[in-house]
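Protein chains get the first letters and strands the later ones, always in sequence-line order, with residue 1 at the start of each. Owing to the predicted nature of the structure, the values given are computational and were not obtained by experimental measurement.
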There are 2 protein chains.
Amino acid sequence: MAMDKTDSALLRLLQQDANQTAESLGQHLRLSPSQAGRRRQRLEAAGLISGYAARVDAEAVGLGVQAMIQVHMAAHAPDAAQSFAALVAATPEITSAWVMTGDADYLLRIFCTDLAALNRLVQEVLLPHSSVARVQSQIVMAQLKPDGPLPL
Amino acid sequence: MAMDKTDSALLRLLQQDANQTAESLGQHLRLSPSQAGRRRQRLEAAGLISGYAARVDAEAVGLGVQAMIQVHMAAHAPDAAQSFAALVAATPEITSAWVMTGDADYLLRIFCTDLAALNRLVQEVLLPHSSVARVQSQIVMAQLKPDGPLPL
DNA sequence: GGTGAAATCTACCTAGG
DNA sequence: CCTAGGTAGATTTCACC
């Protein structure tokens, strides 16, 4: 899809604050409100913008513990991967999961209310899975840079 | 802050789609549009909702390579940490950074256009920093579970 | 790039527990 | 007294010019 410098700037603005009016966007982009709105529609229709989400403060809603868990699989059979994917999909505390190169097979991002809940998740959900060989939890002590916009 | 079951459900809905009207929210919550809107305002004012962001499709905007980089520091002096924080803040390809327990000191989330750009970032930005001892890049082969809503 | 109709938000007001 | 629902003015979006 064709995307010029103005579109990049627009995406950057909308990642920071999606509730700006077309008029406000137009001022930043040096564009008329109608053109700014039209460009936004174009980016939505093209799928570059897949949706809009509220940013929720994890601490404020009682999710005080954040962790990254590296998962090593015992077997790499296709059905082992599939059943693990189902487990991941069914566990709400896992907010993201990636298939990685290198050392570990998967990396899971976790949000829990407390350390006890994190330990329960590891001991009673992850480790009991038949194809999980080993997990390595790393707790987030602080967020040095908050989840930010994509570099455009 | 006081948060009941309805507020949790509202946060869940707004994380999935922030552009729903108060009427649509009210239907899901079995509430009148005015009450749904009022609750949303309350959650914003209380800081539970810190803002709204457009979800941008990384692949679609040409950011085809995603990676997680574990950073091991040579020194743990306060000013080493501070200058590293400045480096992280100034690097747009680093979209998130966490201070971790365990093995590595920091975990960085990276978005790049290609592998060459990722290698440049490691070789020319991260490793030259005086207090960085070692980095370990792990490339994301696939996203098993997309960045999802917090478990409420 | 501008304009007007339609939809939506929000502040205020009223009713009920 | 606090929480829920309804109504009207003001803003914003979107299709058309």
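- Comparing atom distances between the Ser32(B) side chain and each of dC9(C), dG5(D), dT12(D) picks out dG5(D) as nearest.
- In the set dG1(C), dT12(D), dC9(C), dC9(C) carries the atom at the smallest distance from any side-chain atom of Ala22(B).
- Using a 4.0 Å heavy-atom criterion, one finds that Arg39(B) contacts the sugar-phosphate atoms exclusively.
- Counting only heavy atoms from C-beta outward, the side chains of Arg39(A) and Asp4(A) approach each other to under 4.5 Å.
- Residue order along DNA chain D, read from the 5' end via each residue's closest nucleotide, puts Glu23(A) first among Arg38(A) and Glu23(A).
- If you measure from atom CZ of Arg30(A) to atom P of dG1(C), you get 13 Å, rounded to the nearest angstrom.
- Between Asn19(A) atom CG and dT11(D) atom P the separation is 17 Å, expressed in whole Å.
- Going from atom CD of Glu44(A) over to atom C1' of dT13(D) covers 11 Å, rounded to whole Å.
- At whole-Å resolution of the value, CD in Gln20(A) and P in dT11(D) are 18 Å apart.
- Of the listed nucleotides (dC9(C), dG1(C), dG6(D)), dC9(C) has the atom at the smallest distance from the side chain of Arg40(B).
- Among the nucleotides dT13(D), dG6(D), dA15(D), the one closest to any side-chain atom of Gln41(A) is dA15(D).
- Contacts of Arg42(B) with the nucleic acid, taken as non-hydrogen atoms under 4.0 Å apart, are absent.
- Of the inter-residue distances, the one linking Thr6(B) atom OG1 with Leu11(B) atom CG reads 11.0 Å to the nearest 0.5 angstrom.
- In this structure, Lys5(B) places its NZ atom 20 Å from P of dT3(D), rounding to the nearest Å.
- Within the nucleic acid shown, Ser34(B) comes within 4.0 Å of at least one base atom, counting heavy atoms only.
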